[in-house]
Amino acid sequence: MDRRSFVRGVGLAAAMLGLAGGSTLATAMSPVWADDYTLSPNAPMYRALVPEIFAPLPDPDDHMPAIVIGSGFGASITALRLAQSGTEVAVLERGSRWPNDPWRDIFTVDTIPDGRGFWHRTSFTGVTRIPVSFDPFGGVLDVSSYPGIDVWRGACVGGGSVVFTGVMIEPEQRFFDHVFGGVVDYREMHEVYYPKVRKTLRLSPMPDDIYHSGAFAHARAWDDQVRAADYAPQRIDGSWNWNVIRDELAGQSRPSATVGCSNLGNSNGAKFDLNQNYLRYAEDTGRARIYPGHRVDAIAKEPGASGRYTVTVTKLAPTGEVLQNRMLTCDKLFLGAGSVGTSELLVRARETGALPNLNEHIGEGWGSNGDVGLARPLSSFDLGTQGTASASRILDEAGAPVSLENWYIPGVTPFDIGTLASLGIVLDDTRGRFVYNPTNGRVDLQWPDNGAADYLARAQEVNDKAACHCLTIALPVMGGDASFTSHPLGGAVIGRATDGYGRVFGYRGLYVMDGAAVPGSTGTVNPSLTISALAERNIEQIISSGE
């Protein structure tokens, strides 16, 4: 049996069993193809496929008026608005800057990933519980493993916008207010900043012609099932270039979004990621420059009230080779490295004495956004190719509020295999914290034992209702997986670690501009739109006030 056939066979079995306790199967099935798929440390195949990421990396000036750490949603918005205001900005990103092309094999596929998919690790077990192995390389998705939970986050220019499913939804006001507790005015967000982001990112629901294509048979079947369970599916906005998806369907582009690719990037640019909007617009001003391959290891402040911020940087090749170590300085420092990256930098700075005036809320209030991966049997014989754009969602408030979003099955096969997937997002108050380990200098995430138990059970309850109130093909109702989150939030929560606009307490000129500011949840929706709108709101006030 060839490798691809083997993987599809295991994928079918694990999809039927993995989400309902199939970890035993996954553990027993070792990835026997690993030996013939491992590359040399020099990654010659990657150099041939994507020579752009091996080009010499530019170096920022020793001192900049403003440095933005990270290049995801909050960081890219910050960089653009600073540059538009006349400020020279350096954007530091640890990962590579990946190109797009309608026909080239730039990103790896979700089904049989190689090192282009993951940030310097050699194995991965996703929601299907199927372990895969690959060579170490500076790929686009960082999977950080902590006791009790894995955290998925972007490691590339564009951050999470490259590796997410493109869903961007505004939360209900009552859920937003529950999370933010009055620190941020929902009406202001609803009337000004959510619309501002929607316009820039050209958000829109899946068009009917794409919804009714063969690639989204699973989306139609998903909607039919939830209707049978008396839910009303709601169309949801996505940051997709629907014309590129049309090109895929018409054979005018390499298949990507229509055949189960999303979490590890879309080679043809089907996702309207930040490289195509905010980051590009920032560079177009001539005052913002992006520096890939620049990992920030530590931040500090020079002594004195007017002291500059110092940023310790390691310059990395895509292979992980250290090219250079430097210390940069800036007048203003904007943290946009994501919930984990920003929290790590702040906690380490406080505990090592580099920023001793950081308050006790630094590192606190971290949450998983209530993420749960779910599966249930497909009840339709209309089979397709597992398109990755999400078409719809439902909301259940019979208990703790929970939404289920139509999802694809990441990492199994680009074809329907008798299973429907959902991403559950529960409004849940379970929180973890980041702590510094002085013995190894690491910042670890402490997640409560069985921290996901309540919201996992709640999401499963809604999933079971959708499965049990419709005709199925004599297969058991499947379970859920809350051992991961792709939506890490908190660690430097607005109104606690910062003021109401992201200014870090204790340090003038230091700001949190990303998901670390969000109090662990965005109220039953994916967080990218709220992170973006919050960044637009905060940077506008920071610029207008001059501090």
Novice: Would V197 and L529 count as a side chain to side chain contact (heavy atoms under 4.5 Å, CB included) if you check the C-alpha gap in whole Å, the side-chain angles of each, and the deciding distance to 0.1 Å?
Specialist: CA-CA 7 Å; V197 174; L529 181 58; 3.6 Å; yes
Novice: Would you find a donor on one side and an acceptor on the other, under 3.5 Å apart, between the side chain of S123 and the backbone of S133?
Specialist: no
Novice: Does S262 offer a backbone N or O that forms a donor-acceptor pair with the side chain of K271 under 3.5 Å?
Specialist: yes
Novice: Below 4.0 angstrom, N of the basic side chain to O of the carboxylate: do R431 and E364 qualify?
Specialist: no
Novice: Looking at every heavy atom in both G74 and I531, which two are closest together, and how far apart are they?
Specialist: N-CG2, 4.1 Å
Novice: Run the ring-centre check on W447 versus Y146 and record whether the distance is less than 6.0 Å.
Specialist: no
Novice: Identify, with sequence neighbours excluded, every residue that meets salt bridge (charged side-chain N to carboxylate O under 4.0 Å, His left out) alongside R121.
Specialist: none
Novice: Spell out, as yes or no, whether a donor-acceptor pair under 3.5 Å connects the side chain of T342 to the backbone of S339.
Specialist: no
Novice: Find out whether H63 and D331 are in side-chain contact, i.e. whether some heavy atom of one side chain is under 4.5 Å from a heavy atom of the other.
Specialist: yes
Novice: Can you see which heavy atom on I494 is nearest to which on D499, and at what distance?
Specialist: CG1-O, 3.2 Å
Novice: List the residues meeting side-chain contact (heavy atoms from CB on, under 4.5 Å) with R97, not counting sequence neighbours, and say none if there are none.
Specialist: V157, N275, E283, I290, P292
Novice: I'd like to check V313 versus N325 (side-chain heavy atoms, cut-off strictly below 4.5 Å). Are they in contact?
Specialist: no
Novice: Can you list the residues that meet the salt bridge (charged side-chain N to carboxylate O under 4.0 Å, His left out) rule with R458, with sequence neighbours excluded?
Specialist: D396, E461
Novice: What residue among L92, V91, L57 forms side chain to side chain contact (heavy atoms under 4.5 Å, CB included) with Y291?
Specialist: L92
Novice: With rounding to the nearest 0.5 angstrom, report the CE to OG1 distance, M513 to T498.
Specialist: 10.0 Å
Novice: Taking ring-ring contact (aromatic ring centres under 6.0 Å, His included) as the cut-off, I'd like each qualifying pair that reaches into residues 526-547, sequence neighbours left out, listed once.
Specialist: none
Novice: Can you name the closest pair of heavy atoms from V372 and G480 and give their distance?
Specialist: CG1-CA, 4.3 Å
Novice: If you look at every heavy atom in N369 and S521, which pair is closest and at what distance?
Specialist: OD1-CA, 3.3 Å
Novice: Does D297 have any salt bridge (charged side-chain N to carboxylate O under 4.0 Å, His left out) partners at least two apart in sequence or in another chain, and if so, which?
Specialist: R295
Novice: Could you tell me whether the side chain of C261 reaches within less than 4.5 Å of the side chain of F107, counting heavy atoms only?
Specialist: no
Novice: Verify whether one side chain among Y186 and E170 offers a donor that lies under 3.5 Å from an acceptor in the other.
Specialist: yes
Novice: Could you tell me the separation between the CD atom of E302 and the CZ atom of R308, rounded to the nearest 0.5 Å?
Specialist: 4.5 Å
Novice: For the residue pair S532 / Y193, report whether a side-chain donor-acceptor contact shorter than 3.5 Å exists.
Specialist: no
Novice: Show me the donor-acceptor pairs within less than 3.5 Å that the side chains of residues 351-359 make with the rest of the protein, sequence neighbours left out.
Specialist:
from, atom 1, to, atom 2, distance (Å)
T352, OG1, R348, O, 2.6
N359, OD1, H361, N, 2.9
N359, ND2, R496, O, 2.9

Novice: My understanding is that only residues two or more places apart in sequence, or in another chain, count here; which of them pass side-chain contact (heavy atoms from CB on, under 4.5 Å) with T87?
Specialist: P65, A66, L82, S85, V89
Novice: With distance as the sole test, does T485 use its side chain to make a donor-acceptor pair with the main-chain N or O of D371 at under 3.5 Å?
Specialist: no
Novice: Got a second to check how far T125's OG1 is from F484's CZ, nearest 0.5 Å?
Specialist: 13.0 Å
Novice: With R116 as the cation and W98 as the aromatic partner, state whether NZ or CZ is under 6.0 Å from the six-membered ring centre and within 45° of the axis.
Specialist: no
Novice: Do T319 and F137 have side chains that get closer than 4.5 Å, going by heavy atoms?
Specialist: yes
Novice: Report yes if the side chains of W407 and V167 come closer than 4.5 Å at any heavy-atom pair, otherwise no.
Specialist: no
Novice: Which residues pass the side-chain contact (heavy atoms from CB on, under 4.5 Å) test with T200, not counting sequence neighbours?
Specialist: R81, Y278, Y281
Novice: Distance-only, no hydrogens or angles: does the S422 side chain make a donor-acceptor pair with backbone N or O of G424 under 3.5 Å?
Specialist: no
Novice: Quick check for you: to the nearest 0.5 Å, what is the distance between S390 atom OG and L423 atom CG?
Specialist: 8.0 Å
Novice: Closest approach of W152 and N263, non-hydrogen atoms and distance?
Specialist: CZ3-ND2, 4.0 Å
Novice: Can you name the salt bridge (charged side-chain N to carboxylate O under 4.0 Å, His left out) partners of E405, sequence neighbours left out?
Specialist: none
Novice: Is the backbone of G370 close enough, under 3.5 Å, to the side chain of D428 for a donor and an acceptor to pair up by distance?
Specialist: no
Novice: Applying side chain to side chain contact (heavy atoms under 4.5 Å, CB included) to N526 and T165, what does each step give before you reach the verdict?
Specialist: CA-CA 10 Å; N526 312 60; T165 316; over 6 Å; no
Novice: When you compare the side chain of V443 with that of S343, does any pair of heavy atoms fall below 4.5 Å?
Specialist: no
Novice: Test side chain to side chain contact (heavy atoms under 4.5 Å, CB included) on R94 and D142; report intermediate values, then the result.
Specialist: CA-CA 11 Å; R94 60 180 172 156; D142 182 329; 2.8 Å; yes
Novice: Under the side-chain contact (heavy atoms from CB on, under 4.5 Å) rule, collect the residues that match up with A453, sequence neighbours excluded.
Specialist: N450
Novice: Mind checking the NE2-CD spacing from H294 to Q324? Nearest 0.5 Å is all I need.
Specialist: 6.5 Å
Novice: D514 side chain to G338 main-chain N or O, any donor-acceptor pair under 3.5 Å?
Specialist: yes
Novice: So do L274 and S71 actually touch side chain to side chain, heavy atoms under 4.5 Å?
Specialist: no
Novice: Please give me the minimum heavy-atom distance between R326 and D61, naming the atom from each residue.
Specialist: NH2-C, 3.8 Å
Novice: Do the side chains of R442 and D444 get close enough for a salt bridge, i.e. N-O under 4.0 angstrom?
Specialist: yes
Novice: Can you tell me how far the CD1 atom of I425 sits from the OG1 atom of T522, to the nearest 0.5 Å?
Specialist: 6.5 Å
Novice: Can you check whether R537 reaches L534 side chain to side chain, under 4.5 Å on heavy atoms?
Specialist: yes
Novice: Hey, is the main chain of I106 close enough, under 3.5 Å, to the side chain of S267 for a donor-acceptor pair?
Specialist: yes
Novice: Sequence neighbours left out, what pairs pass ring-ring contact (aromatic ring centres under 6.0 Å, His included) with at least one residue falling in residues 493-531?
Specialist: F334-Y511
Novice: Just jot down the ring pair (Phe, Tyr, Trp, His ring centres under 6.0 Å) partners of F118, sequence neighbours excluded, or say none.
Specialist: F124, F134
Novice: Apply side chain to side chain contact (heavy atoms under 4.5 Å, CB included) to residues T530 and Y194 and explain how you reach the verdict.
Specialist: CA-CA 7 Å; T530 294; Y194 283 127; 2.8 Å; yes
